[in-house]
Amino acid sequence: MSTGTGMGTSTDTRRPHADVRSGVRQASAFLARRSLKTHRRAWAAVFAATTAAAALIGAFAFVVGSLLSAQPPVERHAGADAVVTADQKVTYTAKPWGSEPQTATTYLPERVRLDRSAVAKAAAADGVAKAVADDSVPVAVGGGSSGTGAGGTSAVGRSWASAALTPYRLTDGHAPRTSTEVVIDSVLAAAAGSKPGSHVTLQVDGAPRTYTVSGVAVTGHRGAAPAVFFTEQRLTALAGHPGTVDAIGVVAEKGVSADELRASLDTALPDRTHGDREVRVLTGSERGQAEYVDALGARGELLPLLASIAGTVLMVALLVIATTLSQAVHQRSGELALLRAVGATPRQLRSAVGREVSRVACAAAVLGGIGAVPLGLLMRSLLTTDPLPLPVPVWLPFAAGATAAVLVASAARPVSMLAARSVTRLRPAAALGAARAPEPGEPGRLRTAAGVVLAVAGVGSAGAATAQGGQAAAVAASGAATSLIIAVALLGPWIARVAMRVLGTPVRRVGGVSGFLAARSAAAHHRRLGAAITPIVLVVAFVCVQLAAASTLERASDRQAAAALRADLVATGPAAGLPADAAQAVRKAPGVRAATGVLRSSVVLAHREMGDPKLDRFPVLGVTADQLPGTLDPHVTAGDLADLTGRGTVAVGKDRAADLDIATGDSVKLRLGDGTQVRLRVVALYERALGLGEFMLPREALAGHVSAPRDQQILIRSADGGAASAAARALSPYTGVQVRTATADDVRIAPPSSDQDNALVIIGVGVIGGFALLAVISTLSLITVGRRPEFRLLRMVGAGRRQVRRMLVLETGLVTVAGLAIGTLVAAVPLVAFAVSTTGSVPYLPPVRYGVLALAVTVAAGAGAMWPGSSGGRFVLGRRA
């Protein structure tokens, strides 16, 4: 009895509160349903912007997730159960200011080799049936006995013992037995017209030589590159590193699992190689890392770029959603104030607005999440990550779409409730006056203060960029651009007021009655004008920063490379490059004043940036010092390039030397491409580092630390400008060599834009810029739809249809001009800082690109403002109200 009474008492106590909550829910649900139906045109703009935001966020999540799970393909080692290789990663640990030690990691661009003694240790491990040293050399196949050769076809030279790792099998002939015999695969045999007993010309290192084809092999693996197989002794001699091997391929005994094989090899092999690098055992899909040593390094460079673009996408998406939702809710402030005046509680109004926005945002987020999959597939197809194909795990599209949907839907409700806060917190009596009052023209104090702080921070960050260089300047300039864009969004009404004072008078003078109406309308609605300008500023500033930063660097590097070039001819060979003695042969040709082979590689510099440890990879040139005066002029500012000899010297770009606080005679510590740590003496500082790179080393210092010590070009200076034919004759023994006029692209440290660079521009500028243009259309459409009562009133007081339409055109032009001007100014601040710090010049954007941007913004603004007015104009503007 007592228990039942207690339960009844408790239920009676809670029932009034439950009834109140139920009443609030019912009232807010009723208001949300009616408002959605009444304002469906306004919510259409919000729906479009939110859908696009969810699709973009999901697409970037899709691409980044695909890139994170990517592995290089397994081709050469498809028949191996495991591959033993040295770790390609290098680390640098330092203690930032007032923090725990942190470690930076990057991948080495050149192959790190193993001690050859590890082959025997791997073969002796439990469960191993065979362990094979897998070395390789680049080979140019010149032709067969018939004379109709493969014409410089590139192939991979391997030992016949390593053929089992793919695997290859003989279809004709026998394995090579002497140093003059080779087995070629069926693809090369068909191209060269070769068969057992015929001859084939091969160029490995030095002049081409003729070999006897002892057999033809075939593999069932489609991804395998064309291959030539030598005896193991001959291949070891050609590779040029008899004490080390590229990798070790392991075939397991029958019944031994991959995990068991890995554990056995880990026990049998040493922890470190001769270069203090860790030994890795790769199985499964990891085996491709042994073939493409820099594939993960390329992924490591691409991921930060994509992550940066994705962060910008997220910032732009949230800013657009906040602007669009705030404008949609603000246009209904009179309606909300009226509801508050007739007795609706703040909780009911907030709940009604939240429900209304949640329904729109959730539907849009689901649709955007679905659309993220095809958009992500399109972006994925643009990225050329060869040899790193991007997989599509089954779970990834769903996870990316769901992530975008949840993020967008979660952000929409609090933004809308915050936008409605100024009305819902009013007392009913005050709300009645607010329902009839014009919109406020100034933002709140907190918003204004935040905008001022961000504007000051943006300018300060731009100022800091001018005092820095390299990546630090780029980061500071990017931060400045982001801060200034958000500051413009927060200070939109204030900026609109200033813009009207500047542009209002010309509009009134040019437009007559319509100009007067446009100027007065814009002056009376600063908040609305600020909301219209913000997305235009966003798209202009973002696109200008992205395009101008790239074009400024490219223009400066082009100019420096052109100024440095002294050679009039350049010799290029097959993809594998040219042997070292090719440059010596050219120097002996009549009419040649100087010739230097250009060996390209990379070095890793460990340093601190804002106290944090950093590992940066820099491309370098390996050159011959005594030939430089006739072929390249880096514009030395200190020291002498004639001292760039031996294995312990380096020339450094002047700006990089200033960052490192070093001068001629000092030493700098670098890691070469294979991870070897060296301390080099600085013998010269030069100015044209943007064109030629931050470091130049003697060729002999690089040759022993690259995967294949072959020159990518030979720069040739003629004595009288007529040495082309003589140089071609000197290089005639080498397969696939061409001699042509030299250009700046031949010496630029960074080649012209690659397909991947173009893809990043399309993704970064095209996708985000397109989304920002959609935001322009959505925001202006929303504003135009909300102005229908104003158009009716103008028609009632006697304004003609053409006058009202012209007023709308002039207002759109005013918004477009103001947005373009402010966006350009916002972009100019960080761009000037970036350009001055990195190139010492002003930023550069091709006029055609800016013209296309201005045209796109104008068309988008016109479509957003005029199309709703035209579709509704038949009712509002077509006759007097």
Side-chain angles (χ1 to χ4, degrees), residues 45 323-324 327 439 441 488-489 492-544 769 772-788 790-791 794-795 799-827 847 849-873 876-877:
T323 301
T324 310
Q327 183 63 26
E439 69 169 38
V488 168
W494 292 104
I495 294 173
R497 172 174 292 185
V498 175
M500 269 312 305
R501 290 181 179 177
V502 176
L503 300 176
T505 300
V507 169
R508 283 194 296 268
R509 291 179 178 177
V510 172
V513 174
S514 298
F516 173 79
L517 292 174
R520 295 297 298 176
S521 175
H525 300 90
H526 293 147
R527 182 184 293 271
R528 184 177 71 198
L529 189 62
I533 290 175
T534 296
I536 298 179
V537 172
L538 175 65
V539 63
V540 173
F542 175 78
V543 173
C544 282
L773 288 175
L774 177 62
V776 172
I777 297 174
S778 300
T779 303
L780 292 178
S781 299
L782 179 61
I783 291 173
T784 303
V785 169
R787 296 180 62 189
R788 288 185 174 183
E790 177 185 337
F791 296 152
L794 289 172
R795 295 292 285 135
R801 178 184 177 185
R802 290 185 178 179
Q803 288 177 325
V804 176
R805 188 180 299 280
R806 190 180 183 196
M807 177 199 76
L808 193 56
V809 170
L810 290 173
E811 283 191 38
T812 304
L814 187 151
V815 168
T816 303
V817 171
L820 283 170
I822 297 169
T824 303
L825 179 62
V826 168
R849 293 185 181 181
Y850 188 83
V852 171
L853 171 62
L855 179 62
V857 169
T858 302
V859 171
M866 300 305 299
W867 179 73
S870 298
S871 60
V876 178
L877 306 179

Open item on the list: My understanding is that only residues two or more places apart in sequence, or in another chain, count here; which of them pass side chain to side chain contact (heavy atoms under 4.5 Å, CB included) with A489?
Closed with: L319, T534
TODO: Supply the atom-to-atom distance L538 CG to I822 CD1, rounded to the nearest 0.5 angstrom.
DONE: 13.0 Å
Task: Interatomic spacing from CZ in R805 to CZ in F791 - rounded to 0.5 Å - done: 9.5 Å
Open item on the list: To the nearest 0.5 Å, what is the distance between OG1 on T812 and CD1 on I783?
Closed with: 10.0 Å
Open item on the list: Would you say that V815 contacts I536 through its side chain, given a criterion of any heavy-atom pair below 4.5 Å between the two side chains?
Closed with: yes
Task: Closest heavy-atom pair and its distance - G769, F542 - done: N-CE2, 4.5 Å
TODO: Report yes or no: does T784 contribute a side-chain atom to a donor-acceptor pair with the main-chain N or O of A865 at less than 3.5 Å?
DONE: yes
Open item on the list: I'd like to know if the side chain of T779 and the backbone of A532 have a donor-acceptor N/O pair within less than 3.5 Å.
Closed with: no
- [ ] Would you give the length of the straight line joining atom CD1 of I533 to atom CG of L780, rounded to the nearest 0.5 angstrom?
- [x] 10.0 Å
Open item on the list: I need the L782 CG to I777 CD1 distance, nearest 0.5 Å.
Closed with: 13.5 Å
TODO: Measure across A541 and V826 and return the closest heavy-atom pair with its distance rounded to 0.1 Å.
DONE: CB-CG1, 3.9 Å
Task: Shortest non-hydrogen separation from C544 to A827 and the atoms involved - done: CB-CB, 3.7 Å
Task: Residue pair Y850 / T824: nearest heavy atoms and the distance that separates them - done: OH-OG1, 2.6 Å
Task: Nearest non-hydrogen partners of A861 and T816, listed with the distance - done: CB-OG1, 3.3 Å
Open item on the list: Working note: V539 + V857, criterion side-chain contact (heavy atoms from CB on, under 4.5 Å); need CA distance, chi angles, decisive distance, verdict.
Closed with: CA-CA 8 Å; V539 63; V857 169; 3.9 Å; yes
Open item on the list: Looking at every heavy atom in both R795 and G800, which two are closest together, and how far apart are they?
Closed with: NH1-CA, 3.5 Å
